[in-house]
Undergrad: 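Structure in structure tokens, see below.
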Amino acid sequence: VKVKIPFGNKYLDAIFSVPEKKPTYGVILTHGAGGDMNFPHLVSLAAYLASHGVLCLRFTCKGLNVAYRTKAFKTVVEYLKLSDDYKLFGVFLAGRSMGSRAAASVVRQLSQDDDDDGFIQGLVCLSYPLHRPKLQSKLRDEDLLLIRCPVLFVSGSADEMCEKQLLEGVVSKMKAPKKIHWIDKANHGMAVKGRTTDDVMEEINAQVFSWLGENVQLEHK
């Protein structure tokens, strides 16, 4: 289901992937610095979640400014929360690369609000860009360290923007319940020599879904 979500004087393009049965939980998903919501990995994850009973709302927000992307993400969260079509108990925020930075920022901001009502259940970071390539001294970890809700990282062990030891170091300092799933030999784009994209996506999708199930009851009502 395609929708346009009002954002300031513009609209954000978004697509709902809706399960057959009435969903109780949803995932809001966005893309990295390049591309849009039709990035194959996002389409694959959305379809997988919907076929397993989880509503998925993915949206496009062009713009390379994290604050701007964060604002857009917040708008989408509010939109889904107030939606009459889909009454959900809660949502998980998810993003790929820069989108996961925006998602982390939203989670941190909303959890610090006084009216935090527990609508946000957790955060999924796909290829979280912990640092710029070859710039390991500047870590983008400030939001991660302040988050309280459960976090799942899915990263490639050969990701040039997320060195394995550095992410493990940051995660060890996080107060939130957290889990890292390493995709062996995958780069930032989740490409692995000798494996098809579909094969890698199956691994990622199954990991994300099983982690959601560890955090909330996903039975159909």
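Worth knowing before you read on, the calculation uses all heavy atoms, side chains too, and leaves out hydrogens, waters and symmetry mates. Throughout, numbering of the chain's residues begins at 1 and tracks the sequence.
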Undergrad: Does Y25 form a side-chain contact (heavy atoms from CB on, under 4.5 Å) with L88? I'd like the steps, not just the answer.
TA: CA-CA 5 Å; Y25 288 97; L88 300 175; 5.7 Å; no
Undergrad: Is it the case that the side chain of T30 and the backbone of F59 share a donor-acceptor pair, with hydrogens and angles ignored and the cut-off at 3.5 Å?
TA: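 Yes.
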Undergrad: Below 30° counts as parallel, above 60° as perpendicular, anything between as tilted: where do the rings of F209 and Y48 land?
TA: perpendicular
Undergrad: Checking side-chain contact (heavy atoms from CB on, under 4.5 Å) between I28 and each of V124, V76, L55, which is the one that passes?
TA: V76
Undergrad: Inspect the surroundings of CD in Q165 and state if more than 12 heavy atoms from other residues, nucleotides or ligands are less than 6.0 Å away.
TA: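 Atom CD in Q165 is not packed in, count stays at 12 or less.
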Undergrad: Considering non-hydrogen atoms only, spot the tightest contact between P177 and R148 and give its length.
TA: CD-O, 3.4 Å
Undergrad: Using every non-hydrogen atom in the two residues, find where A104 and Y128 come nearest and quote the distance to one decimal.
TA: CB-CE1, 4.4 Å
Undergrad: Quick one: closest heavy-atom pair of L145 and V170, and the distance?
TA: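 Scanning both residues, the minimum pair turns out to be CD2-O, 3.9 Å.
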Undergrad: Report yes if some heavy atom in the side chain of F7 is under 4.5 Å from a heavy atom in the side chain of Y68; otherwise report no.
TA: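 Contact flag for F7/Y68 side chains = yes.
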Undergrad: Sub-3.5 Å donor-acceptor pair from the side chain of K62 to the main-chain atoms of G35, do we have one?
TA: yes
Undergrad: For the residue pair Y86 and F16, does the interplanar ring angle fall in the parallel (under 30°), tilted (30 to 60°) or perpendicular (over 60°) class?
TA: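 Judged by the thresholds at 30° and 60°, the geometry between Y86 and F16 is tilted.
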Undergrad: Could you pull out every donor-acceptor pair under 3.5 Å between side chains of residues 130-140 and any protein atom, sequence neighbours left out?
TA:
unit_1: H131; atom_1: NE2; unit_2: E163; atom_2: N; d: 3.0
unit_1: Q136; atom_1: NE2; unit_2: E163; atom_2: OE1; d: 3.0
unit_1: R140; atom_1: NH1; unit_2: P129; atom_2: O; d: 3.1

Undergrad: Enumerate, atom names and distances included, each donor-acceptor pair closer than 3.5 Å involving a side-chain atom of residues 149-160, sequence neighbours excluded.
TA:
unit_1: S157; atom_1: OG; unit_2: K185; atom_2: N; d: 2.7
unit_1: D159; atom_1: OD1; unit_2: M161; atom_2: N; d: 2.7
unit_1: D159; atom_1: OD1; unit_2: H188; atom_2: ND1; d: 3.0
unit_1: D159; atom_1: OD2; unit_2: H188; atom_2: ND1; d: 2.9
unit_1: E160; atom_1: OE1; unit_2: H188; atom_2: N; d: 3.3

Undergrad: Applying side-chain contact (heavy atoms from CB on, under 4.5 Å) to T197 and H41, what does each step give before you reach the verdict?
TA: CA-CA 9 Å; T197 307; H41 293 189; 3.9 Å; yes
Undergrad: Quick check: does any side chain N or O of S51 sit under 3.5 Å from a backbone N or O of A47, one acting as donor and the other as acceptor?
TA: yes
